[in-house]
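In what follows, a single structure is set out as structure tokens and then discussed.
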Amino acid sequence: CGAACDEWKSRFPWKYFASATASGPVDVVWRLAASAEGGTAQGLVAASVVWDAENFYEVFDHRALLRRAYRLGFQPQIARMAVAAYRWQRILLQSGKALQVIFAKRRMIAGCFCCTTFVKVYGLEAYDKLVAANPFCEFDFYIDDFTVSCNASSEDRVVQTITAASNDLN
């Protein structure tokens, strides 16, 4: 399964996914700092905004995930297997007694074998549009952390640019 995820990810030149290049949140922060230092060395004003999405894994609709995976060329057998695992029965317990069996239609299990890849599958088309619509910003998406940064000639221009991109992100 990991090989299928790696093969799929290798087909996309994602500059804006920190985890696409096996880097992590620390690398994102260092990249932001380097960009800001480079901008200020050129007399520009730099700013970044970072969001941590609350309940991020709870918004994933399984059918939408499958449609997007198929459309983007992710191996359908792996996608179906992972979504089937997300939909397995869950037993609600109280004081050691089974109260109810439920089946999930939404949510992704954080830490599963395809989780970070499915985050990319789920958001790729929206992220591509966001990046294209905001050419003066740099974006980074690391699982459930979203960063937008900008270097510009004035504080007003930085604020306007980041605000517009942030509104598009919402």
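These numbers come from the heavy atoms of this one structure, side chains and all, not from hydrogens, waters or symmetry mates.
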For this session: Determine which pairs satisfy salt bridge (charged side-chain N to carboxylate O under 4.0 Å, His left out) with at least one residue from residues 70-84, sequence neighbours left out, and list them in order.
Result: R71-E125

Exercise. Which residues pass the side chain to side chain donor-acceptor pair (under 3.5 Å) test with D128, sequence neighbours left out?
Worked result: Y16

For this session: Could I get the full list of ring-ring contact (aromatic ring centres under 6.0 Å, His included) partners for Y122, not counting sequence neighbours?
Result: F60

Exercise. What distance do D52 atom CG and D145 atom CG have between them, rounded to the nearest 0.5 Å?
Worked result: 4.5 Å

Exercise. Within a strict 4.5 Å, meaning less than it, do heavy atoms of the V148 and S48 side chains meet?
Worked result: no

Side-chain donor-acceptor contacts of residues 153-163 below 3.5 Å, not counting sequence neighbours, with atom names and distances?
residue	atom	partner	partner atom	Å
S154	OG	R157	N	3.1
T161	OG1	R157	O	2.7
T163	OG1	V159	O	2.6

For this session: For E7, check side chain to side chain donor-acceptor pair (under 3.5 Å) against everything at least two apart and list the hits.
Result: R11

Problem set entry | For N134, all residues meeting side-chain contact (heavy atoms from CB on, under 4.5 Å), sequence neighbours excluded | L130, C137, F139, A165, D168

Exercise. How about T147 and L32: do any of their side-chain heavy atoms sit closer than 4.5 Å?
Worked result: yes

Exercise. Does W8 reach the main-chain N or O of L72 with its side chain, forming a donor-acceptor pair under 3.5 Å?
Worked result: yes

For this session: Determine whether C150 and E138 make a side-chain contact, defined as any pair of heavy atoms from C-beta on separated by less than 4.5 Å.
Result: no

For this session: State the OH-NZ distance between Y127 and K120, to the nearest 0.5 angstrom.
Result: 10.0 Å

Exercise. Should we count OH of Y70 as having more than 12 external heavy atoms under 6.0 Å?
Worked result: yes

For this session: Check I78 against A4 and note the closest heavy-atom contact, atom names and distance.
Result: CG1-CB, 3.8 Å

Exercise. Do you know which two heavy atoms are closest between F118 and A79, and how far apart they sit?
Worked result: CZ-CA, 3.9 Å

Problem set entry | V101 with L93, same ILVMFWY side-chain cluster at under 4.5 Å | yes

Exercise. Are any side-chain N or O atoms of T40 and backbone N or O atoms of E37, one a donor and one an acceptor, separated by less than 3.5 Å?
Worked result: yes

Exercise. Is there a side-chain contact between L65 and V121 (heavy atoms, below 4.5 Å)?
Worked result: yes

Problem set entry | side-chain contact (heavy atoms from CB on, under 4.5 Å) assessment of F74 paired with T117 | CA-CA 10 Å; F74 190 84; T117 301; 3.7 Å; yes

Problem set entry | Nearest-0.5 Å distance that lies between atom CE in M81 and atom CD in Q75 | 10.0 Å

For this session: Supply the atom-to-atom distance K129 NZ to L124 CG, rounded to the nearest 0.5 angstrom.
Result: 11.0 Å

For this session: Calculate, to the nearest 0.5 Å, the distance between atoms CZ and CH2 belonging to F146 and W51 respectively.
Result: 9.5 Å

